[in-house]
Protein chains: 2
Amino acid sequence: MRDVAREAGVSQSLVSIVFRDAPGAGEQTRERVLEVARRLGYVRDESARSLRSTRPLSIGVCFRLGRPFHDAVLEGLYRAVAGTPYRLVLSAVSGSRAEEAALDDLEACRCGALLVIGSLLEESELSVRARRIPLVSVARRCDSAEIDWVVSDDEGGMDRAVAHLQGLGHESVTYLSCPGASGGENRERAFRKVAQRLGLVGGAQVRVGGESEEEGVRIAEEMVAAGNVPSAIIASNDSLALGVLGGLLRHGVGVPERVSVIGMDDLKALHRPRVKVTSLCQDTSRLADLAIGRALRRLSPAEGRGTRPRGTILPMSLEVRDTTGPATLGKLPGGA
Amino acid sequence: MRDVAREAGVSQSLVSIVFRDAPGAGEQTRERVLEVARRLGYVRDESARSLRSTRPLSIGVCFRLGRPFHDAVLEGLYRAVAGTPYRLVLSAVSGSRAEEAALDDLEACRCGALLVIGSLLEESELSVRARRIPLVSVARRCDSAEIDWVVSDDEGGMDRAVAHLQGLGHESVTYLSCPGASGGENRERAFRKVAQRLGLVGGAQVRVGGESEEEGVRIAEEMVAAGNVPSAIIASNDSLALGVLGGLLRHGVGVPERVSVIGMDDLKALHRPRVKVTSLCQDTSRLADLAIGRALRRLSPAEGRGTRPRGTILPMSLEVRDTTGPATLGKLPGGA
DNA sequence: CTGAAAGCGCTTACAG
DNA sequence: CTGAAAGCGCTTACAG
């Protein structure tokens, strides 16, 4: 910066003014500074900037590697942050990197706020961090006093899914859970509630599922082997749904002729050429917009941390595709 | 840090010494400082650290959102960097964020080196950046004088794939290219070379492919409609292979009975329950290890930027699974 | 083993 | 509109 100032024949503060787009520089001077900077390959130093600046310059994002849902939210976050004066700082959770480490890293980087996608941490631990720095939880509800959150309406979505199946004549539905996942408990609770509300009490089954296609296949095969294949299945995530689908088809159990299958999350991975899975979709783009909105609110000097945190529940949409159809009442072959 | 020093009754430099694990602090003092820091919720500021430190503290990584291959490499990078004194700084490329912007961000963050996964930029642009900061290109060969690179051996892999098909009796092979991808040209060139070397000259076809399952389906359907379905297909990426597979099966063309299909990259997405696709695999973990190794070399004061850049070509392995089988010489039904 | 002082590259008042 | 000076939170010599 000093070099640029010298080369352009101005003071260093003037260069700073030009780069911050602050008032106080003539049109000509501004252009000359910019030209010199370009010529010298000058890049403004973010560390120095954020160290000296009186307000934060960045928003931290904690996400998980290899999850299409997280990638989709991230994509939305970049879009949402584009019009603001903030930049995104990323920190990934993976097999070799715990969520705690990822969050520590973000806290050390002078982020003004933290967005955490699908956190798997205890709510109490998130609370502790939220006391140090504003926290927005995405896709995971947090009822602690300090945390803003944005989630999808599992219950409303589940309602739509079950009603869809009932409309097709299905009288019993088996739900495959996902114990380890961030929204797992919530989804299971939603299913139980909805099943009761829609009078599915006797026909509602909950079975431990998982998060991978492999587990889905195994479950499907167990069902077939036990001669106990339900007429409708809601899988708590799409990988599971895909596995169940594959497992059933492999054993000659028709989908949707004999069994209807619904997935959740609407990942791109679902859009396979062979069969498009009916799925309950989260609106990743709105999730991202709202998350950035919350962060901006906390970052604004006017509002700041004063107000109590806000939770928002976004509707889910049921995308009806190829894997759901009329109930056959066990009259078709394929049932064990 | 000043607060911690005051609270622990020591000087600020002593706190710094403790946190840097530098010699010069008594065991007791060290523990007291650590205890106080924990109690106060002190987090060392990365911006200040990297600004003041005489050597770089971080390595920047530029990757693309929603690509399983990139995620796999990232996972390996986190593992590889764990034992070093450096941290990873991530910057994502996505629909709403150009690769240039992602790299600019990294340059502004005082990274000591940049790892770029599957860059789509012109080599000349990478060169310009490499003059400012050491650059390691992953999965994209760079012959400019300034850039280290680590790639997979497309030609050796292709050799293995074609030989495998020949061993099964296939006399002609159609290659589906991937014009937009980062390694696209290289793979296509590799196929042409290998086809010639293995005497497949007449039977070698190159056809424009793509990067999505949808494109794969379309191509398969065009082949079926034109009555021109080859006996063996190598797709330049796995999504394409999956699409081709789906498209063929849908029209009753048996895989591998009538057509053999090989994909490339061995993404997790390939491990579907129904059919496991034979694929040419990149070793993402070694790719990551080597990339970090290159960066460390450039970062070490001893070696530094003095030596000329090194390129490394890693072997690919052919994972033979369900989609390749003996050639049927057009005697089976299903050929148009 | 411990403390006082300088300085990384910026931004931010404040005086000309 | 422009320049000199202070300071963000650390690390790094260097003196006790």
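Just so it is clear: chains get the letters A, B, ... in the order the sequence lines come, proteins before strands, and each one is counted from 1.
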Under the side-chain contact (heavy atoms from CB on, under 4.5 Å) test, which residues partner [X], sequence neighbours left out?
X: A:Arg2; answer: A:Arg6, A:Gln12
X: B:Val18; answer: B:Leu14, B:Ala25, B:Arg30, B:Val33, B:Leu34
X: B:Arg132; answer: B:Glu107, B:Val128, B:Arg129

Passing option when A:Ser47 is tested against B:Ser50, B:Ser47, B:Ser53 for side-chain hydrogen bond (donor to acceptor under 3.5 Å, both in side chains):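 Of the listed residues B:Ser50, B:Ser47, B:Ser53, the side-chain hydrogen bond (donor to acceptor under 3.5 Å, both in side chains) partner of A:Ser47 is B:Ser50.
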Stem list, DNA chain D (Watson-Crick or G-U pairing under 3.5 Å, at least 3 consecutive pairs):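 The stems that DNA chain D takes part in, listed by first number, are C:1-3 with D:14-16, C:5-12 with D:5-12, C:14-16 with D:1-3.
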Of B:Leu51 and A:Ser50, the one whose closest DNA chain C nucleotide lies more 5':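 On the 5' side of the pair lies B:Leu51.
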First-last contacting nucleotides on DNA chain C - partner chain A, under 4.0 angstrom, heavy atom: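 Answer, 5' to 3': C:dG9 to C:dT12.
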Pairs flagged by salt bridge (Lys or Arg N to Asp or Glu O under 4.0 Å) wherever residues 78-96 of chain A is involved - sequence neighbours left out: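 Sorted pair list: A:Glu46-A:Arg87, A:Glu75-A:Arg79, A:Arg87-B:Asp105.
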Please round to the nearest 0.5 Å and tell me the distance separating atom [atom1] of [X] and atom [atom2] of [Y].
X: B:Cys111; Y: B:Leu106; atom1: SG; atom2: CG; result: 4.5 Å
X: B:Leu103; Y: B:Glu100; atom1: CG; atom2: CD; result: 7.5 Å
X: A:Leu287; Y: A:Ile117; atom1: CG; atom2: CD1; result: 9.0 Å

Test item: A:Asp71 side-chain N/O and B:Gly66 main-chain N/O as donor-acceptor pair under 3.5 Å: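 Indeed, once roles are kept as given, a pair shorter than 3.5 Å links the two residues.
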Sugar-phosphate, base or nothing in reach of B:Thr54, heavy atoms under 4.0 Å: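 The answer is sugar-phosphate, as B:Thr54 gets under 4.0 Å only of primed atoms, P, OP1 or OP2.
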Contact list for residues 57-68 of chain A, test side-chain hydrogen bond (donor to acceptor under 3.5 Å, both in side chains), sequence neighbours left out: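 Matches after skipping sequence neighbours: A:Arg67-A:Glu211.
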Listed once per pair and sorted, the side-chain hydrogen bond (donor to acceptor under 3.5 Å, both in side chains) pairs that draw on residues 135-144 of chain B, sequence neighbours left out: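 side-chain hydrogen bond (donor to acceptor under 3.5 Å, both in side chains) check on residues 135-144 of chain B returns B:Glu123-B:Ser144, B:Ser127-B:Ser144, B:Arg141-B:Asp143.
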Partners passing ring-ring contact (aromatic ring centres under 6.0 Å, His included) against A:Tyr42 (at least two apart in sequence or in another chain):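 Once residues adjacent in sequence are excluded, the partners of A:Tyr42 under the ring-ring contact (aromatic ring centres under 6.0 Å, His included) criterion are A:Phe19.
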Any residue of residues 8-18 of chain B with a heavy atom less than 4.0 Å from an atom of DNA chain D: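 Per residue number, the list reads B:Gln12, B:Ser13, B:Ser16.
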DNA chain D contacts among residues 19-45 of chain B, heavy-atom distance under 4.0 Å: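 B:Arg20, B:Tyr42, B:Val43, B:Arg44, B:Asp45 - these, ordered by number, are the residues of the stretch whose heavy atoms sit under 4.0 Å from the strand.
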ring-ring contact (aromatic ring centres under 6.0 Å, His included): pairs with one or both residues in residues 94-152 of chain A, sequence neighbours excluded: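 Counting only pairs at least two positions apart or across chains, no ring-ring contact (aromatic ring centres under 6.0 Å, His included) contact touches residues 94-152 of chain A.
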